[in-house]
Amino acid sequence: MKSLLLLSLLAAVAVAALCYESHESMESYEMNPFINRRNANTFISQQQRWRAKAQERIRERTKPAYELSREACDDYKLCERYAMLYGYNAAYNRYFRQRRSSK
(Lines give C-alpha, C1' and ligand atoms only; values in the text may rest on other atoms or scores of the structure.)
Protein backbone atom coordinates (compact mmCIF):
# COMPACT_ATOMS: atom_id res chain seq x y z
CA MET A 1 0.00 0.00 0.00
CA LYS A 2 2.89 2.32 0.82
CA SER A 3 4.46 1.72 -2.60
CA LEU A 4 1.14 2.50 -4.34
CA LEU A 5 0.80 5.74 -2.39
CA LEU A 6 4.41 6.66 -3.16
CA LEU A 7 3.95 5.83 -6.85
CA SER A 8 0.79 7.94 -7.14
CA LEU A 9 2.52 10.85 -5.34
CA LEU A 10 5.48 10.56 -7.70
CA ALA A 11 3.14 10.48 -10.72
CA ALA A 12 1.32 13.60 -9.47
CA VAL A 13 4.61 15.47 -9.08
CA ALA A 14 5.71 14.38 -12.58
CA VAL A 15 2.40 15.55 -14.10
CA ALA A 16 2.64 18.89 -12.31
CA ALA A 17 6.23 19.39 -13.48
CA LEU A 18 5.57 18.40 -17.09
CA CYS A 19 2.29 20.29 -17.48
CA TYR A 20 3.53 23.60 -16.06
CA GLU A 21 2.87 26.39 -18.54
CA SER A 22 5.61 28.96 -18.41
CA HIS A 23 5.55 32.55 -19.65
CA GLU A 24 7.61 31.60 -22.73
CA SER A 25 4.86 29.33 -24.01
CA MET A 26 2.36 32.21 -23.89
CA GLU A 27 4.45 34.42 -26.20
CA SER A 28 3.30 32.54 -29.29
CA TYR A 29 -0.30 33.58 -28.62
CA GLU A 30 0.63 37.27 -28.91
CA MET A 31 1.46 37.04 -32.63
CA ASN A 32 -1.06 36.11 -35.26
CA PRO A 33 0.66 33.77 -37.77
CA PHE A 34 -1.92 34.56 -40.47
CA ILE A 35 -1.97 37.72 -42.56
CA ASN A 36 -4.65 39.03 -44.86
CA ARG A 37 -4.56 38.50 -48.64
CA ARG A 38 -3.54 42.04 -49.50
CA ASN A 39 -0.41 41.86 -47.34
CA ALA A 40 0.38 38.33 -48.51
CA ASN A 41 0.38 39.39 -52.15
CA THR A 42 2.89 42.18 -51.51
CA PHE A 43 5.70 39.71 -50.78
CA ILE A 44 6.13 38.73 -54.42
CA SER A 45 5.51 41.15 -57.25
CA GLN A 46 3.46 40.24 -60.31
CA GLN A 47 6.58 40.15 -62.49
CA GLN A 48 8.39 37.79 -60.11
CA ARG A 49 5.33 35.51 -60.05
CA TRP A 50 5.23 35.42 -63.85
CA ARG A 51 8.96 34.71 -64.04
CA ALA A 52 8.66 31.86 -61.51
CA LYS A 53 5.80 30.27 -63.47
CA ALA A 54 7.77 30.53 -66.72
CA GLN A 55 10.82 28.92 -65.13
CA GLU A 56 8.69 26.09 -63.77
CA ARG A 57 7.26 25.41 -67.24
CA ILE A 58 10.77 25.33 -68.69
CA ARG A 59 11.92 22.92 -65.96
CA GLU A 60 8.98 20.62 -66.66
CA ARG A 61 9.79 20.52 -70.39
CA THR A 62 13.53 19.99 -69.98
CA LYS A 63 13.66 17.29 -67.33
CA PRO A 64 16.62 14.94 -67.44
CA ALA A 65 16.03 11.36 -68.54
CA TYR A 66 16.75 9.92 -65.10
CA GLU A 67 14.07 12.11 -63.55
CA LEU A 68 11.48 11.09 -66.14
CA SER A 69 12.29 7.44 -65.58
CA ARG A 70 12.10 7.91 -61.82
CA GLU A 71 8.66 9.54 -62.09
CA ALA A 72 7.43 6.69 -64.28
CA CYS A 73 8.73 4.20 -61.76
CA ASP A 74 7.14 6.05 -58.82
CA ASP A 75 3.70 5.66 -60.38
CA TYR A 76 4.04 1.86 -60.57
CA LYS A 77 4.19 0.14 -57.14
CA LEU A 78 6.15 -2.94 -58.21
CA CYS A 79 8.74 -0.77 -59.91
CA GLU A 80 9.01 1.42 -56.83
CA ARG A 81 9.57 -1.58 -54.55
CA TYR A 82 12.20 -2.96 -56.91
CA ALA A 83 13.86 0.47 -56.95
CA MET A 84 14.16 0.46 -53.16
CA LEU A 85 16.26 -2.69 -53.41
CA TYR A 86 18.23 -2.25 -56.63
CA GLY A 87 17.93 1.44 -57.58
CA TYR A 88 15.69 3.36 -59.94
CA ASN A 89 17.79 2.77 -63.03
CA ALA A 90 17.63 -1.02 -62.64
CA ALA A 91 13.93 -0.89 -61.81
CA TYR A 92 13.10 1.26 -64.83
CA ASN A 93 15.10 -1.06 -67.09
CA ARG A 94 13.28 -4.10 -65.73
CA TYR A 95 9.71 -2.80 -65.86
CA PHE A 96 9.65 -0.33 -68.75
CA ARG A 97 12.57 -0.75 -71.16
CA GLN A 98 11.93 -4.45 -71.71
CA ARG A 99 8.33 -3.74 -72.68
CA ARG A 100 9.38 -1.19 -75.26
CA SER A 101 11.99 -3.45 -76.85
CA SER A 102 9.59 -6.41 -77.09
CA LYS A 103 7.06 -4.48 -79.17
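- Under the side chain to side chain donor-acceptor pair (under 3.5 Å) criterion, D74 pairs with Y88, not counting sequence neighbours.
- Residue pairs satisfying the salt bridge (charged side-chain N to carboxylate O under 4.0 Å, His left out) criterion with at least one member in residues 64-73, sequence neighbours excluded, are listed as follows: K63-E71.
- Identified under the salt bridge (charged side-chain N to carboxylate O under 4.0 Å, His left out) test for residues 79-93, with sequence neighbours left out: K77-E80.
- The salt bridge (charged side-chain N to carboxylate O under 4.0 Å, His left out) analysis of residues 41-58, with sequence neighbours excluded, yields the pairs E56-R59.
- Linking ILVMFWY side-chain heavy atoms closer than 4.5 Å, directly or via other members, places L85 and Y95 in a single hydrophobic cluster.
- Applying the side chain to side chain contact (heavy atoms under 4.5 Å, CB included) test to S3 and every residue at least two apart in sequence or in another chain returns nothing.
- The distance from atom CZ of F96 to atom CG of L68, rounded to the nearest 0.5 Å, is 12.0 Å.
- Residues in residues 39-97 take part in these disulfide bond (SG atoms under 2.5 Å apart) pairs, two or more places apart or across chains: C73-C79.
- Looking at residues two or more places apart in sequence or on another chain, you find a ring-ring contact (aromatic ring centres under 6.0 Å, His included) between Y86 and Y82.
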